Amino acid sequence: MTNHLAAIIRSDGIILGESLASQHAIHEEFGGVVPGLAKTAHEENIDKVIQSALQNANMSIEDVDAIGVTVGPGLEICLRVGCYKGRELAMKYDKPFVGVHHLEAHILMARLPPEKHDESITKQLTGDGIQSSYRAMEFPFLALLVSGGHCQILKCLGIGKYTIVGGTLDDSLGEAFDKTARLLGLPVGGGGGPAIEALAKDGDPKSVTLPIPMQQRKDCDFSYAGLKTSVRLAAERICAERGVERPDELPHQDKANIAASFQHIAFRHVEIRLGRAMELVQREDGIRTLAVVGGVAANKELRRRLNALCSDRDTPWEMSVPPPRLCTDQGAMSAWAAVERLMVGSSDSAEDQEVFARYPFSVSYIDGS
Ligand code: KG4
Ligand code: ZN
């Protein structure tokens, strides 16, 4: 969430223009996110990013119908830069305003209509004229949200209506990928996930024995801190065998085996916890659709395995997962969340909007309106 992102989206889900200014280069130099630097870069880039998204859409700010901006959870000083800009534009140009919940935005991407869908079933008459109401998936559904900051299973009942079925006790799945990537000395610029996924293709997922987390706890929660330690210990053992000092000095094949084994067990843990949650909500609520969202949902192996988890059941489930580039953070997700909120008549006051470092669903706009 340290990039600057903006997008213009139409209410039928067509992305008209996008823009991104990456801060990877700045942070790479300092080995992590430096909040002070992130804020300065945000302030310098925000106008440019908005302008370039508008330019790509061939529009001016007067042409847009509403403004949405992420207000939490995240790094407050960065969120504030975007939030103040969104508020300023909404007030200056008299546009409806939506303060977007970042996790809701990830979830709602699973409802974004696919690029090519049958237009004839997508239109409905509303007070404001013809609007598209087609969605890739309807409520209620179960969502697996796996990103850098979060690792949750949620029952999604409607816009603004979410209940947590399971969450992580320590690290998120994305964090586990990032830490493993760092251990192996892989590039972590855009998050370590893509580097681990690529390396794992060359490895044998059964070659390094790692324990599946929380085998004794029969609930839907996650834990990745123990797996991280197991991976480190296994890597150190292999280092000793090879006579090298550090895991990043290991030969390619060893690193690939570690990456593949880590990924296999990390996803096995997901399958077990998610499988249990699916049984629960199917029994209690009759839900049989799954959304897989957040940065880690871009992982092809995870997509393949969860697809199998859905189709191999006695009563098969439907699964919706955004295209990989729409799983990781981008501007379209905040714009789309704003469309979804506005279409159910929900918006916020641009004058009063605050930002939130922590923003549990239970205290967000969801409860208040
Ligand atoms: O949703 P996101 O872009 O940002 C947050 O809201 O946190 O998720 C970023 C996380 C990072 O931890 C990154 O390593 C992980 O998603 N990620 C992946 C892949 N692409 C991104 N993890 C595994 N495989 C991938 N292909
Ligand atoms: Zn995110």
Side-chain angles (χ1 to χ4, degrees), residues 1-5 7 18 20 22-24 27-28 32-33 38 68-75 78-79 82 100-110 143-152 154 167-168 170-184 186-201 203 205 222 224-225 227-228 231 259-270 291-306 321-337 356-359 361:
M1 289 226 287
T2 56
N3 291 329
H4 324 98
L5 311 159
E18 285 177 279
L20 173 151
S22 164
Q23 290 197 8
H24 295 153
H27 298 310
E28 194 96 306
V33 173
V69 62
T70 304
V71 296
L75 215 53
C78 295
L79 291 169
V100 171
H101 191 296
H102 183 68
L103 306 190
E104 176 167 48
H106 270 302
I107 293 169
L108 294 177
M109 287 309 270
L144 171 73
L145 168 69
V146 275
S147 68
H150 292 82
C151 191
Q152 290 181 332
L154 301 121
T168 184
D170 39 62
D171 293 353
S172 72
L173 178 53
E175 238 175 317
F177 268 86
D178 297 343
K179 287 177 177 169
T180 304
R182 226 168 280 137
L183 176 81
L184 297 177
L186 307 179
V188 291
I196 292 283
E197 179 178 12
L199 184 58
K201 288 204 184 87
F222 298 89
Y224 280 107
L227 180 58
K228 174 189 65 189
V231 171
S261 304
F262 155 75
Q263 182 173 265
H264 170 59
I265 296 300
F267 290 166
R268 188 75 205 105
H269 186 37
V270 172
V292 184
V293 296
V296 189
N299 185 292
K300 292 214 173 54
E301 177 65 5
L302 181 66
R303 296 162 85 97
R304 188 190 65 72
R305 285 172 70 152
L306 295 186
V321 49
R325 70 170 201 89
L326 298 179
C327 290
T328 43
D329 289 352
Q330 19 65 41
M333 62 193 275
S334 305
W336 177 243
F356 309 95
R358 286 178 39 78
Y359 198 22
F361 279 128

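For ligands, and for the atoms within them, numbers begin at 1 and follow the listed sequence. Values reported hereafter were calculated over all heavy atoms of this structure, with side chains retained and with hydrogens, waters and symmetry mates removed. Just so it is clear, the model here is predicted, and its values are computed rather than measured.
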If I take every N, O or S atom of His102, is at least one of them less than 2.8 Å from the Zn ion (ligand 2)?
yes
Purely on distance, is any nitrogen or oxygen of [X] under 3.5 Å from one on ligand 1?
{"X": "Gly295", "value": "yes"}
{"X": "Phe177", "value": "no"}
{"X": "Gly294", "value": "no"}
{"X": "Ala298", "value": "no"}

Checklist entry - Considering only heavy atoms from C-beta outward, does the side chain of Glu18 approach that of Leu5 to under 4.5 Å? => result no
Those residues at least two apart in sequence (or on a different chain) that pass salt bridge (charged side-chain N to carboxylate O under 4.0 Å, His left out) with Lys179 are Asp171, Glu175
Sequence neighbours excluded, the answer for salt bridge (charged side-chain N to carboxylate O under 4.0 Å, His left out) partners of Arg304 is Glu301
Looking at Asp329, the N/O/S atom that lies nearest to the Zn ion (ligand 2) is called OD1
Within 4.0 Å of some non-hydrogen atom of His106, the atoms of ligand 1 are 1 (O), 6 (O)
Here the atoms of ligand 1 under 4.0 Å from any heavy atom belonging to Gly174 are 12 (O)
Practice prompt. Kindly state whether the ring of His269 and the ring of Tyr224 have centres lying under 6.0 angstrom apart.
Written response: yes
